[in-house]
Engineer: 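Attaching a single structure in structure tokens format; questions to follow.
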Amino acid sequence: MIKGSLLAVPIGDVSQDLMLWLKSALTDTLNCDVSLRDSISLPSEWYNSARGQYCGVDFLRALEHIPRKDYGPILGVADVNCYACGLNFVFGLADPYTGVALVALPRLRQSFYGLAEDEELFRQRALKEAVHELGHTLGLGHCTDTLCVMHFSNMLNDTDRKSANYCELCKRKIGVK
Ligand SMILES: [Zn+2]
Ligand SMILES: [Zn+2]
């Protein structure tokens, strides 16, 4: 499904337990080799103090410069709130032209909304967002199938409803049986 191996990169302070869990879940879900890199720093220039959020595109630009041995995609994981042009916030972002993707964790936690924390639900959301953004790096657009991981998540309800995998149609588009 993925040509080359996937490189997962924590940006700033991200739980090592979560990164190890994601590495193993992404290996199973995408059926590819996943390697985990040491974290890269989170420069203060990426922070927009007027918005109280980080600019997600800055993360993508930095990920592009990380050397990769076999041209596989790069997934950045950050535990800070991110926005993108025209959007109040993003769960994730991707650039299909450079093969880099980002998942922003804070809004995937129940506690962000004043609810009791649910670690398993949080991890599943992180996995789905990662597989979704990586789908964009493989050239997939949004899918109308509400169970497909490529369905657009406007709200976490959408994320929780969908599966962590591509539907048959999306699989065929990226050459997977
Ligand atoms: Zn998307
Ligand atoms: Zn689909």
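One-based numbering along the sequence shown. Nothing here was measured: the structure is a model prediction, and the numbers come from that model. Indexing begins at 1, ligand by ligand and atom by atom, following the structure's order.
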Engineer: Could you check whether the rings of Tyr54 and Phe59 sit parallel, tilted or perpendicular, using 30° and 60° as the cut-offs?
Structural biologist: perpendicular

Engineer: Scan for ring pair (Phe, Tyr, Trp, His ring centres under 6.0 Å) pairs involving residues 137-162, sequence neighbours excluded, and state none if there are none.
Structural biologist: His132-His142, His136-His142, His142-Phe152

Engineer: Do Leu156 and Arg125 touch side chain to side chain, with heavy atoms closer than 4.5 Å?
Structural biologist: yes

Engineer: Report the name of the N/O/S atom of His136 located nearest to the Zn ion (ligand 1).
Structural biologist: NE2

Engineer: Tell me whether Tyr97 at atom OH has more than 12 heavy atoms from other residues, nucleotides or ligands lying less than 6.0 Å away.
Structural biologist: no

Engineer: Calculate the angle formed at the Zn ion (ligand 1) by NE2 in His142 and NE2 in His132; 10° precision is enough.
Structural biologist: 110°

Engineer: Anything protein N/O/S under 2.8 Å from the Zn ion (ligand 2)? Just list residue and atom, please.
Structural biologist: Cys143 SG, Cys148 SG, Cys167 SG, Cys170 SG

Engineer: Can you pull the salt bridge (Lys or Arg N to Asp or Glu O under 4.0 Å) pairs that have at least one residue in residues 27-36, sequence neighbours excluded?
Structural biologist: none

Engineer: If you count every heavy atom of other residues, nucleotides or ligands that lies below 6.0 Å from Asp118 atom CG, does the total exceed 12?
Structural biologist: yes

Engineer: Could you give the side-chain donor-acceptor pairs of residues 80-91 under 3.5 Å, partners two or more places apart or in another chain?
Structural biologist:
unit_1, atom_1, unit_2, atom_2, d
Asn81, OD1, Arg107, NE, 2.9
Tyr83, OH, Asn48, ND2, 3.1

